[in-house]
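Just below is one structure, and these are the notes that go with it.
The analysis underlying the following values was restricted to heavy atoms, covering all of them including side chains, and did not include hydrogens, waters or symmetry mates. Computed from a prediction, not measured in an experiment: that's the story for all the values here. Along the sequence shown, residues are numbered consecutively beginning with 1.
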Amino acid sequence: HAFRTLPLWLQAWVALILMPANAAGLLFVDTFSGRAISLALALVVIANVALMLYHRGMNRDMSVVHLLAWLPLEILLLGALGGVWGDDTLSRPVWALTVTVVMVNAISLFFDLIDAWRWWHGERMTLHPKHH
């Protein structure tokens with residue numbers, strides 16, 4: 001319910017772009033990129049669900065979880081694209097997934113940096129469904 005208190009554009013971004021792009025990693029768990037994306041997604045979901053339950057809503061501290069998961073993931077995926085580590089060659093679908101997740105998560109990280117900065121500087125209000 002707290003999700004519905006977010007601006008409509010943000011709900012659309014998360015539900016239609018961010019989550020599906022990262023969840024697509026589950027379709028490619030036989031690849032380095034798929035495993036890395038799936039692991040980061042699992043960590044984000046588990047940690048953020050726990051935070052939402054703790055706060056009984058959405059709090060900016062959730063952005064810190066994204067930073068801790070998405071930043072290493074970005075490094076791993078850029079390394080995979082550059083041939084530094086991971087699969088020797090990326091099939092077209094895995095390459096497309098990897099590029100998509102790098103781009104989508106980079107946009108997410110921009111907003112997460114702002115929210116984490118605001119949280120660090122004391123903006124700790126939790127969005128509760130009843131405050132909508």
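When hydrophobic clusters are built by joining Ile, Leu, Val, Met, Phe, Trp and Tyr residues whose side-chain heavy atoms come closer than 4.5 Å, directly or via intermediates, Val45 is grouped together with Val65. Hydrophobic cluster membership differs between Val64 and Ile75, with clusters built from Ile, Leu, Val, Met, Phe, Trp and Tyr side chains linked at under 4.5 angstrom. Under a hydrophobic-cluster definition in which Ile, Leu, Val, Met, Phe, Trp and Tyr are linked whenever side-chain heavy atoms come within less than 4.5 Å, directly or via other members, Val104 and Val94 are assigned to the same cluster. Following chains of ILVMFWY side-chain contacts shorter than 4.5 Å, one can reach Leu41 starting from Leu67, so the two form part of one hydrophobic cluster. Hydrophobic clustering (side-chain heavy atoms under 4.5 Å, transitive across Ile, Leu, Val, Met, Phe, Trp, Tyr) groups Leu10 together with Met103.
From Met62, atom CE reaches atom CG of Asn48 across 4.0 Å, with rounding to the nearest 0.5 Å. Taken from CG in Leu43 to CG in Leu68, the straight-line distance is 10.0 Å, to the nearest 0.5 Å. To the nearest 0.5 angstrom, Ile46 atom CD1 is 12.0 Å from Leu51 atom CG.
By the 30° and 60° cut-offs, the orientation of the rings of Trp70 relative to His66 is parallel.
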Considering only distance and modelled atom types, tabulate donor-acceptor pairs under 3.5 Å from the side chains of residues 14-24, sequence neighbours left out.
| from | atom 1 | to | atom 2 | distance (Å) |
| --- | --- | --- | --- | --- |
| Asn22 | OD1 | Asn105 | ND2 | 3.1 |
| Asn22 | ND2 | Leu18 | O | 2.9 |
| Asn22 | ND2 | Asn105 | OD1 | 2.9 |

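Of all heavy-atom pairs spanning Val44 and Ala69, the tightest one is CG2-CB, 3.4 Å. Across Phe32 and Gly86, no two heavy atoms sit closer than the pair CG-CA, 3.4 Å.
Using a 4.5 Å cut-off on side-chain heavy atoms (C-beta onward), Leu27 and Leu97 make no contact. With a 4.5 Å cut-off on side-chain heavy atoms, Phe28 and Ser33 do not count as touching.
Pairs of residues two or more places apart, or lying in two chains, that qualify as salt bridge (charged side-chain N to carboxylate O under 4.0 Å, His left out) and include a residue from residues 90-116 are Arg60-Asp115.
Residue Asp61 forms a side-chain contact (heavy atoms from CB on, under 4.5 Å) with just one option from Tyr54, Trp120, Trp119, and that option is Trp119. With respect to Leu71, the side-chain contact (heavy atoms from CB on, under 4.5 Å) criterion is satisfied by exactly one of Leu113, Leu109, Leu76: Leu109.
For Phe110 and Trp13, the ring centers are positioned 6.0 Å apart or more.
No donor-acceptor pair under 3.5 Å is formed between the side chain of Thr98 and the backbone N or O of Leu77.
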